[in-house]
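Structure first, then comments.
The figures here come from the full heavy-atom set of this structure, side chains too, leaving out hydrogens, waters and symmetry mates. In this text the structure is predicted, and so the values were computed from the model without any measurement. All ligand and atom numbering here is 1-based and tracks the order in the structure.
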Amino acid sequence: MAPIILAAPLEGWVTPLEAVPDPVFAGRMMGDGIAIDPTGDTLHAPCAGRIVGLQATRHAVTIETESGAKILIHLGIDTVALDGKGFTTLVAVGDQVAAGDPLIRFDLDLLVREARAVVTPILLTDATGFTLTAFAPPGAITVGAPLMTLHRTAPPQQKQQQQQPQEPELEFGRHDDDPTIVRRTLRIDLPHGIHARPAARIAALARETRAALSIEKDGRSASARSLTGMLGLGIALGDEIAVVARGGDADGAVDALVTLLSTGLAEAPAPVTRVAAVADSAPLPPGALRGVPAAPGLAVGPVQHHRNSDIDVPREGRGIAIERAAFGDARAALRADLIEQSATQKGAAREILVAHEGLLDDPDLHAATEAGIARGESAAYAWRSAIRAQADALRSGGNARLAERAGDLLDLERRLLAKLIGVTNERHAYPAGTILVADDLLPSDLIAIADGLAGLCIARGGPTSHVAILAASMALPTLVAVGDAALAIPDGARVVLDASNGMILPTPDTQQLAQAEVEQAVTARKRADALSQAAIACHTADGTRIEVFANLGAAAEAGPAVANGAEGCGLLRTEFLFLERDTAPTVAEQHQEYQAIADALEGRPLIVRLLDIGGDKPAPYLAMAAEENPALGLRGIRVGLAHTGLLEDQLRAILAVKPIGQCRIMLPMISRVEEVRSVRLVLDRLRDELGISAAIELGIMVETPAAAVTADTLAREADFLSIGTNDLTQYTLAMDRANPAVASALDGLHPAVLRLIEQTCRGGAMRGRWTGVCGSLASDPLAVPILLGLGVTELSAAPGVVPTIKARVREVSLDACRDHAREALACASATEVRALARRFASREIPA
Ligand code: PEP
Ligand code: MG
């Protein structure tokens, strides 16, 4: 790479970094560079590149050059405290900019008055492979004048993968008596230990902090920025680890990481535990192969084998410079692919792609690849060796869960090799109804080929591998760990895959085939009946109109929800836009997403829930102090009221959606009437500002017992009420919804919750407001008659069950539901209510 001259991004006075009044910048803890004391009001790009970081508080921006160097510009010192005041961003994350493009406009007078200092450091944040020279001398400078020169350097020495903690650290010249070192031990209670997704979240947090964070286990240490380093520690449930930070805000960094590790990484329990236990004890029919259920279900169909051929790579490189540049280009191209793909995915698929993107930036993998290239190897060969060494370490670590993560590394290996060698990733297409058999399957393969598959049978793997999690999220019947015998099933053989019972019948007899086909047919008929009626507006058998909406979490879900008969969106969980990213989405980004969903709903109502983060849904860029009880702390609407910039941005984005009025606004976690009034004031002010005269409906979620019992009071201020039964159950029963120890008793059909639902409907009706349910109870066909009997008139369910819920509403009369609900309210326990509901279903609902 030819050296790049970085141009002055500001008009002002050049100052050496040592003179910046902050030890973190002055001590170069964040990187080498220079500072400018600004006299203008606009920050410009010092070079061409992509915006890869933009603080939510708009005071700092990071640009990545084409060659991968990251340049951070931090406007002023301690300006984060201004919470965005005085800054206007002119670009967004992901934007490509040319040298000199304006990035941020700022109010210099305000900064001078309110910030600790306005001097602005311009830094190279990750010096791996780059260096800076030819700094401009102290003195006046104009925008665009040469400021310093960026060069690529010789590759760094490969770091030892796992350093002994007592060895000196390279980064900050560690001394054991250094007061800036903070260390805390804790025990890991993540069911699957620290695997790829938690590691990706930890690395994201570590990248955000100014301290050097590491994790130690059994005398070994890994940088918290390195996914593979952390995975290599093999941290499992119950292990004791130490979190160590040095430099920067070491205390805060340790606090943040300990909080994340103890409360912020709650994972859904493995989807299969219960089914697996049943399967283990059930005797198998003759000839059946046992496997571990990864996603339940029954499939009958022809087998096809999935085989990926190895990509050939040359060992010899074409020269260090060429290979290094090729490696950088391939990574950039793959990163773009992963970002593009994750934008169109949701749930587990999206999380997995984000984790892969994190792995792509792993410093240990880089160092190992760079070292290989420096030895004269091709980038492809060096990358493959780096990945295989890590994958082998995971497999031989004796931890089955971590061994399952090797698949993610091999997936990334293959995808990057495809870029480097120029082969397109092989695309396989299988006829609809195929039961796919594979030795192992990579997550990206499954994302690409899942359409139309009837089932999946994997010889290796485990129930918590990413491919298993993906399959479960796609409701694709899947067995894993079946063993080599699966590979011997001939292509084209008609088999029965009974994932619910943990087996595959490679040569079913006619009776087994017939029985499986009958079971499938009954399930399919019920679903087809429900689907054929799905588009019709929904009334109970005695004619009461009930609206059935869908809960959405991403734009891609809206079209399928409408196809399933959703009459609108009753809950848009806008968190999907805010989580798993380094900065808050801009107004424009949010507007684009909301508008896409509104368009896909083709005029149907869209209830947008304002940001519900905090508690079990942390956002890395929101500086929130660690809380002892996050579920009782700053979460839901309390976050928006504490960070009014976020609230206003989100309201602006919603108000920009056309046609005006299609979007209704819903407030999460309301417990006090003042919260509704405060948001209403902001909303009215923004409507005035934007010249919107039409009223915009503002409703609340009823998720706290306080909101339920004061529903009549709240309904004076709110246009509608929607009950979030997930949180309402957690807060009523005092059982953490993310804690598996209490999960079995956490049932929304508990009579206490039902009495609160009844009280909410009554309170709403007193003021002429409708009450809906958007929590999981609305997706439970057994619960629906009780909810209707209690007075609920709108149900917002998971998109896939909308046809079933509509069918259930049509099957029951409101009178019968009311009697049924009265009986339910008088039950002593959730178990009694469920038994009652089953009796009601078998009596009232046709087979
Ligand atoms: C609820 O609490 O029931 C709800 C719908 O909100 P979430 O599950 O997103 O917290
Ligand atoms: Mg909730």
Side-chain angles (χ1 to χ4, degrees), residues 263-264 266-268 346-347 351 548-554 557 561 566 568-580 606-619 629-640 650 664-671 675 699-708 711 714 718 720-739 742-743 746-750 752-754 756-757 760-761 771-780 783-784 786-787 790 792 794-802 805:
T263 59
E267 294 186 273
K346 56 184 193 298
E351 277 185 45
V548 182
F549 285 12
N551 293 346
L552 300 178
E557 296 170 351
C569 168
L571 164 65
L572 175 64
R573 288 185 164 98
T574 55
E575 302 81 73
F576 74 95
L577 257 171
F578 288 79
L579 300 175
E580 306 284 359
L606 167 54
I607 300 183
V608 184
R609 174 174 75 183
L610 296 190
L611 186 56
D612 182 17
I613 49 175
D616 60 338
K617 306 169 190 164
N629 289 304
L632 302 181
L634 204 57
R635 61 159 299 192
I637 194 61
R638 299 169 198 172
V639 175
Q650 190 169 26
R664 305 169 188 173
I665 295 166
M666 182 158 76
L667 312 181
M669 292 297 303
I670 290 294
S671 57
E675 293 162 338
I700 61 163
M701 287 194 74
V702 175
E703 298 179 281
T704 62
L714 290 167
F720 59 89
L721 312 174
S722 181
I723 305 175
T725 50
N726 307 334
D727 275 314
L728 185 62
T729 307
Q730 122 164 306
Y731 292 120
T732 304
L733 303 184
M735 289 177 181
D736 180 350
R737 64 192 266 191
N739 184 344
V742 294
L746 200 73
D747 191 336
L749 285 182
H750 190 293
V753 181
L754 297 183
L756 288 173
I757 295 175
T760 307
C761 295
T771 299
V773 170
C774 60
S776 309
L777 227 44
S779 300
D780 181 350
V784 164
I786 298 178
L787 296 177
L790 293 174
V792 168
E794 180 251 21
L795 297 162
S796 192
V801 298
V802 166
I805 298 298

Distance-only N or O hit between ligand 1 and [X], under 3.5 Å:
{"X": "E575", "answer": "no"}
{"X": "R573", "answer": "yes"}
{"X": "R635", "answer": "no"}

Quick look: L728 vs ligand 1, heavy-atom contacts under 4.0 Å, and the answer is neither
The Mg ion (ligand 2) has as its nearest N, O or S atom from E703 the atom OE2
Go through ligand 1 atom by atom and flag the ones less than 4.0 Å from a non-hydrogen atom of [X].
{"X": "L571", "result": "5 (C)"}
{"X": "G724", "result": "1 (C), 2 (O), 3 (O)"}
{"X": "G775", "result": "3 (O), 5 (C)"}
{"X": "D727", "result": "1 (C), 2 (O), 3 (O), 10 (O)"}

Given the options T725, N726, N551, S776 meets side-chain hydrogen bond (donor to acceptor under 3.5 Å, both in side chains) only with N726
Does D727 put an N, O or S atom under 2.8 Å from the Mg ion (ligand 2)? yes
Quiz item: Is the shortest side-chain N to carboxylate O distance from R635 to D612 below 4.0 Å?
Solution: yes
Taking C-beta and beyond as the side chain, do [X] and [Y] meet within less than 4.5 Å on heavy atoms?
{"X": "S722", "Y": "V773", "value": "no"}
{"X": "L606", "Y": "L572", "value": "yes"}
{"X": "L733", "Y": "H750", "value": "yes"}

Which of I670, L714, D727, T760 passes side-chain contact (heavy atoms from CB on, under 4.5 Å) with V702? Answer is T760
Hits for side-chain contact (heavy atoms from CB on, under 4.5 Å) against T732, two or more places apart or cross-chain, chain-then-number order -> P705, L728, A752, V753, L756
Those residues at least two apart in sequence (or on a different chain) that pass side-chain contact (heavy atoms from CB on, under 4.5 Å) with R638 are L634, S671, E675
**Q.** R609 touching ligand 1 at heavy-atom level, < 4.0 angstrom
**A.** yes
